[in-house]
**Q** 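Have a look at this one before I ask anything.
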Amino acid sequence: MHDYSRRGLLKATAAAGAGAVVLPGVAAAEAADASAVTEGAEGAKCKPAKLTGRIVRPDDRGYASASLGWDELFTHYPLVIVFAQNTQDVVNALTWARQHDVALRVRSGRHSLEGWSNVDNGIVIDISELKSVHIDTASRIATVGAGLSQLEAVTTLAKKDLAVTTGTEGTVGLSGATLGGGFGFLTRYLGMACDSLVGAEVVVASGAECAKVVKADLNQNSDLLWALRGAGNGNFGIVTSLTYKAAPLKSVT
């Protein structure tokens with residue numbers, strides 16, 4: 001999995017749908033890992049990456065619930081689940097997956113209708129615990145962690161008399177809904193959720209086997225921002241935070 005252009009990423013994602021073979025010695029190699037390097041020239045190799053964050057493996061208590069999605073018809077058994085606590089955890093996990101040629105999936109609200117946010121014998125990078133919130137009421141700009149559910153986003157913004165479009169079910173992940181376009185009760189008034197998206201922090205592949213963090217907004221990586229606003233439902237990187245232009249809203253009838 002070394003070609004991580006947009007076309008290459010889509011091909012790799014499709015090919016990895018059936019899972020991946022665990023490489024011999026992965027566990028032993030990981031024990032001696034150092035922290036991931038987040039910068040590197042194209043083709044450069046990184047130091048061996050170490051998984052960080054809240055790690056859940058098949059032998060751990062809670063693995064069954066940690067691996068379960070909303071639709072229990074689609075059950076998978078990942079090699080490891082990484083609950084990221086910060087953006088660096090995501091960088092490390094993506095680097096680790098590339099170095100070990102392990103299939104990966106990204107997960108937030110677990111509402112993928114066909115189980116696409118889980119994988120057999122691969123790594124699940126779960127960003128549901130990234131729940132930071134910063135709201136500038138003067139500019140009505142809200143930057144939130146990509147792990148917020150729609151209910152958490154609605155209630156948090158409502159405390160400031162602000163809103164963005166969300167869907168109709170509270171436990172659905174805000175990031176997944178937005179990256180897919182985001183249709184809800186406020187669409188006629190405010191447009192789609194993606195119409196309010198003005199920025200994002202995204203972890204992307206870099207070099208032969210590295211990962212790095214990039215910002216996407218109207219001034220930098222604007223093509224990536226365009227792609228994230230409803231084109232491809234997030235297949236361009238791992239979004240760790242979202243920035244919205246919120247609208248004033250005090251009451252709903």
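Basis for what follows: all heavy atoms, side chains included, without hydrogens, waters or symmetry-related copies.
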**Q** Looking only at atom types and distance, does a side-chain atom of R98 sit under 3.5 Å from a main-chain N or O of C210, one as donor and one as acceptor?
**A**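 Yes: the side chain of R98 pairs with the backbone of C210.
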
**Q** To the nearest 0.5 Å, how far apart are NZ in K245 and CG in L197?
**A**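 Between K245 NZ and L197 CG, I get 13.5 Å after rounding to 0.5 Å.
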
**Q** Determine the minimum heavy-atom distance between C194 and T178, stating which atoms define it.
**A**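 Minimum heavy-atom separation between C194 and T178: CB-O, 3.8 Å.
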
**Q** Are L186 and L162 linked, directly or through intermediate hydrophobic residues, by side-chain heavy-atom contacts shorter than 4.5 Å (ILVMFWY only)?
**A**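 No: no chain of side-chain contacts under 4.5 Å links L162 to L186.
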
**Q** Shared ILVMFWY cluster between V214 and L179, side chains joined below 4.5 angstrom?
**A**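 Same cluster: V214 reaches L179 through Ile, Leu, Val, Met, Phe, Trp or Tyr contacts under 4.5 Å.
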
**Q** Among residues two or more places apart or on two chains, list those pairs meeting salt bridge (Lys or Arg N to Asp or Glu O under 4.0 Å) that have a residue in residues 188-208.
**A**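 Qualifying pairs: E201-K215.
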
**Q** Partners of E129 by salt bridge (charged side-chain N to carboxylate O under 4.0 Å, His left out), sequence neighbours excluded?
**A**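 For E129 the salt bridge (charged side-chain N to carboxylate O under 4.0 Å, His left out) partners, ignoring immediate neighbours, are R54.
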
**Q** Hydrophobic clusters here meaning ILVMFWY residues chained together by side-chain heavy-atom distances under 4.5 Å, can you tell me if I123 and I55 are in one?
**A**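 Same cluster: I123 reaches I55 through Ile, Leu, Val, Met, Phe, Trp or Tyr contacts under 4.5 Å.
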
**Q** When you measure from the side chain of T187 to the backbone N and O of G184, does any donor-acceptor pair fall under 3.5 Å?
**A**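 Indeed, once roles are kept as given, a pair shorter than 3.5 Å links the two residues.
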
**Q** Taking side-chain hydrogen bond (donor to acceptor under 3.5 Å, both in side chains) as the cut-off, I'd like each qualifying pair that reaches into residues 157-168, sequence neighbours left out, listed once.
**A**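 Found none.
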
**Q** Might you point out which heavy atoms bring V119 and A103 nearest each other, and give the distance in Å?
**A** CG2-CB, 4.1 Å

**Q** Could you tell me whether the side chain of S241 and the main chain of T143 form a donor-acceptor pair under 3.5 Å?
**A** no

**Q** Mind running side chain to side chain contact (heavy atoms under 4.5 Å, CB included) on L148 and K131 for me, showing each step along the way?
**A** CA-CA 5 Å; L148 285 187; K131 295 185 181 295; 3.9 Å; yes

**Q** For D89, does its backbone N or O pair with a side-chain atom of N92 as donor and acceptor, under 3.5 Å?
**A** no

**Q** Is there a path of hydrophobic side-chain contacts, each under 4.5 Å between heavy atoms of I, L, V, M, F, W or Y residues, that connects L104 with L130?
**A** yes

**Q** Any idea which heavy atoms bring A146 and S175 closest together, and the distance?
**A** O-OG, 3.0 Å

**Q** Evaluate whether atom CZ of F183 has more than 12 neighbouring non-hydrogen atoms of other residues, nucleotides or ligands under 6.0 angstrom away.
**A** no

**Q** Please find the pair of heavy atoms, one from P78 and one from P58, that lie closest to each other, and give the distance.
**A** O-CG, 3.8 Å

**Q** Quick check for you: to the nearest 0.5 Å, what is the distance between H100 atom NE2 and L79 atom CG?
**A** 10.0 Å

**Q** In this structure, which one of I135, I141, V144 forms a side-chain contact (heavy atoms from CB on, under 4.5 Å) with Y244?
**A** V144

**Q** Is the shortest side-chain heavy-atom distance between L151 and T171 below 4.5 Å?
**A** no

**Q** Counting only N and O atoms by type, is there a donor-acceptor contact under 3.5 Å from the side chain of S117 to the main-chain atoms of R107?
**A**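 Side chain of S117 to backbone of R107, a donor-acceptor pair under 3.5 Å: no, none is there.
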
**Q** Would you mind reporting whether V91 and K212 have side-chain heavy atoms less than 4.5 Å apart?
**A** no

**Q** Do the side chain of T156 and the main chain of A153 share a donor and acceptor less than 3.5 angstrom apart?
**A** no

**Q** Same hydrophobic cluster for I127 and V213, using side-chain heavy-atom links shorter than 4.5 Å among ILVMFWY?
**A** yes

**Q** Is a side-chain N or O of N118 found less than 3.5 angstrom from the main chain of R105, in a donor-acceptor match?
**A** no

